[in-house]
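Okay, so here's the structure we're looking at.
All ligand and atom numbering here is 1-based and tracks the order in the structure.
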Amino acid sequence: MKSDAIDATHEFLVRYGGDTFPRLFTSARGTVVTDRTGRQYLDFTSGQMCATIGHNHPAIVDALHRAGDKALHFFSGMIPEVVAELGETLATKWMPEGLNKSIFINTGSESNEVALRMAKMYTGGFEILTLGGSWHGITGGVSAVSMASDRKGYGIPTPGVFVIPEPNSFRPYIPGATEEEAALANLELALKMFDMQTTGHGAAIIAEPVISAGGVLVPPKAFMQALRKAADDRGMLLIFDEAQTAFGRIGTRTGAEHFGVTPDIISMSKTLGGGLPMAAVSTTTAIEEDIFNKKFAFYTSHVSDPLGAEVSLAVLRVLEQEHLVERANVMGRYLREHMETLQQKYEAIGDIRGLGLLLGVELVEDRNSREPAHELGALTTRKCFEKGLSMNIRRRPERGAVWRIAPPLTVSESEIDQASEILDAALRESLDEMTRRQ
Ligand SMILES: Cc1ncc(COP(=O)(O)O)c(C=O)c1O
């Protein structure tokens with residue numbers, strides 16, 4: 001192996017977009033990841049938001065061994081015992097009442113492909129309403145309903161997609177209106193436009209309970225309730241994409257629980273696999289029965305794999321046994337207090353929002369103009385990394401520069417103290433450096 005990690009990356013690997021850190025990484029445990037030189041970093045992104053119970057939790061490692069002793073994979077028509085047990089656990093402990101039937105696949109993108117296919121087959125429609133700034137995945141169908149990344153260069157997206165402006169308490173599209181008024185007025189207008197354009201074949205409204213990649217935006221409860229009504233009024237299904245919100249991250253079991261709204265379909269991934277590729281979709285018995293009779297199909301080489309199910313059961317048990325759903329609230333408050341202290345110190349911190357341990361910290365040029373501070377965001381994120389803190393910054397011109405801060409729910413107070421000190425120092429240095437350059 002070449003000694004220069006980045007040379008090796010450039011020579012042999014396809015670069016797939018997003019920021020790449022200039023190191024190769026070798027191990028991870030709890031909140032800490034380690035690079036090839038032995039340097040350690042606090043991981044305040046929980047990997048790709050998957051290490052919700054911490055990296056390489058001993059229960060996950062045990063589950064991997066158990067799966068190794070039993071079976072990793074079967075023919076898709078052979079349902080593993082452990083998959084049936086996971087279905088029962090989701091239905092009886094984690095899903096809102098009525099969402100009893102689940103299917104297990106591998107990635108969040110795939111879970112939303114499943115959800116859309118279910119909705120299309122059940123309703124006989126194809127039109128989908130989605131929220132601005134949303135991210136539902138990279139594959140064909142779901143990239144067409146995703147608005148948080150660049151869509152240019154990949155040809156014609158799936159037709160029949162309509163966009164509802166996303167609620168944004170910090171940048172409301174209607175000046176002077178309250179957050180809820182603006183969200184509801186925008187929704188009303190979007191539905192009016194949809195009703196003008198629809199072919200009468202609506203299938204679903206899809207929404208993230210917290211619009212995460214779009215800047216960690218928490219919709220008002222009335223907005224989510226209005227989405228439920230909008231779907232019902234039009235004979236469409238409501239899909240919650242709970243890739244990030246399912247299983248404790250926001251201090252409730254699911255986003256549906258937080259909002260008190262039961263969708264027809266919930267897609268889940270990330271936390272469920274604890275770092276392994278694992279995803280699920282849950283729906284009602286009535287919908288499952290209907291689409292089964294219409295010959296619904298979704299299978300890949302890895303549908304119902306026992307390996308992922310063994311790990312998922314372990315993750316869900318740890319969440320329960322270590323009381324991590326409640327802990328998301330406690331540690332979320334602790335982290336938020338630290339961010340608020342920094343906000344008092346730095347004019348550049350314009351807004352702090354989020355739920356539980358999914359926080360968004362938005363950087364601005366100044367608090368009056370609310371102009372996004374993109375350069376400051378990029379520079380500070382780099383400096384954080386150099387000082388041992390891995391942070392994720394969401395940068396889009398229309399949406400601002402927002403740190404998504406989401407450590408594992410097992411994060412300790414001292415790790416939060418340490419991360420806040422790094423952030424403080426990195427922000428100070430970045431601001432000084434930018435002033436010197438002017
Ligand atoms: C809300 C949401 N949905 C779907 C996805 C896609 O999941 P995956 O990357 O596992 O395909 C993501 C990934 O970031 C996500 O955040």
Side-chain angles (χ1 to χ4, degrees), residues 16-19 43-52 103-119 128 130-151 154 161 166-167 204-219 224 227 238-250 254-256 258-259 263 265-282 298 300 302-303 305 308 311-312 315 354-360 392-396 399 402-406:
Y16 44 72
D19 297 327
D43 180 5
F44 270 46
T45 69
S46 298
Q48 283 289 125
M49 304 280 298
C50 300
T52 304
I103 174 172
F104 298 98
I105 52 297
N106 302 119
T107 64
S109 301
E110 221 187 309
S111 70
N112 289 319
E113 297 286 357
V114 171
L116 294 183
R117 278 170 78 96
M118 282 178 166
I128 310 288
T130 184
L131 303 188
S134 57
W135 178 249
H136 299 296
I138 198 85
T139 53
V142 296
S143 65
V145 298
S146 293
M147 304 294 142
S149 79
D150 207 333
R151 297 149 62 94
Y154 308 104
V161 177
E166 70 282 17
I205 300 178
I206 184 166
E208 293 166 79
V210 176
I211 305 157
S212 179
V216 193
L217 304 169
V218 183
M224 296 304 261
L227 285 187
L238 181 63
I239 301 169
F240 279 180
D241 174 356
E242 300 237 20
Q244 300 202 4
T245 45
F247 311 116
R249 158 99 20 226
I250 61 169
T254 57
H258 171 81
F259 286 102
I265 299 175
I266 289 186
S267 57
M268 298 146 265
S269 48
K270 297 192 183 280
T271 297
L272 191 61
L276 261 78
M278 185 62 180
V281 179
S282 297
F298 198 101
T300 69
H302 296 285
V303 67
D305 260 355
V311 171
S312 295
V315 169
L355 294 170
L357 270 175
L358 176 53
L359 288 194
N392 185 310
I393 186 132
R394 319 300 312 172
R395 278 175 286 143
R396 293 278 290 176
R399 253 176 267 126
V402 183
W403 275 311
R404 181 170 66 199
I405 310 186

Approximate separation, where rounding is to 0.5 Å, of [X] [atom1] and [Y] [atom2]:
X: Arg249; Y: Leu355; atom1: CZ; atom2: CG; result: 12.0 Å
X: Ile105; Y: Met278; atom1: CD1; atom2: CE; result: 8.0 Å
X: Leu217; Y: Leu131; atom1: CG; atom2: CG; result: 10.0 Å

- prompt: Can you list the residues that meet the side-chain hydrogen bond (donor to acceptor under 3.5 Å, both in side chains) rule with Asn392, with sequence neighbours excluded?
  reply: Arg394
Which of the atoms of ligand 1 are close to [X], meaning less than 4.0 Å from one of its heavy atoms?
X: Gly108; value: 6 (C), 7 (O), 8 (P), 10 (O), 11 (O)
X: Thr107; value: 10 (O), 11 (O)
X: Lys270; value: 12 (C), 13 (C), 14 (O), 15 (C), 16 (O)
X: Asn112; value: 3 (N), 4 (C)
X: Gln244; value: 16 (O)
X: Gly137; value: 6 (C)

field: Donor-acceptor contact present, side-chain Glu113 to main-chain Gly141, <3.5 Å
entry: yes
Report the nearest protein non-hydrogen atom to [atom]: residue, atom name, distance rounded to 0.1 Å.
atom: atom 3 (N) of ligand 1; value: Asp241 OD2, 2.6 Å
atom: atom 2 (C) of ligand 1; value: Trp135 O, 3.2 Å
atom: atom 6 (C) of ligand 1; value: Ser109 N, 3.5 Å

field: Closest non-hydrogen atom pair, Leu272 against Ser312
entry: O-OG, 2.8 Å
message: Considering both backbone and side-chain atoms of Glu208, is one of its nitrogen or oxygen atoms within less than 3.5 Å of a nitrogen or oxygen in ligand 1?
response: no
- prompt: Could an N or O of ligand 1 be found under 3.5 Å from any N or O of Ala243, whether backbone or side chain?
  reply: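 In fact, backbone or side chain, Ala243 has no N or O that close.
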- prompt: Just checking, any donor-acceptor pair under 3.5 angstrom between side chains of Asn106 and His302?
  reply: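 His302 and Asn106 do not have a side-chain donor-acceptor pair below 3.5 Å.
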message: Under the rule for side-chain contact (heavy atoms from CB on, under 4.5 Å), what residues qualify as partners of Ala148, not counting sequence neighbours?
response: Trp135, Ala213, Arg399
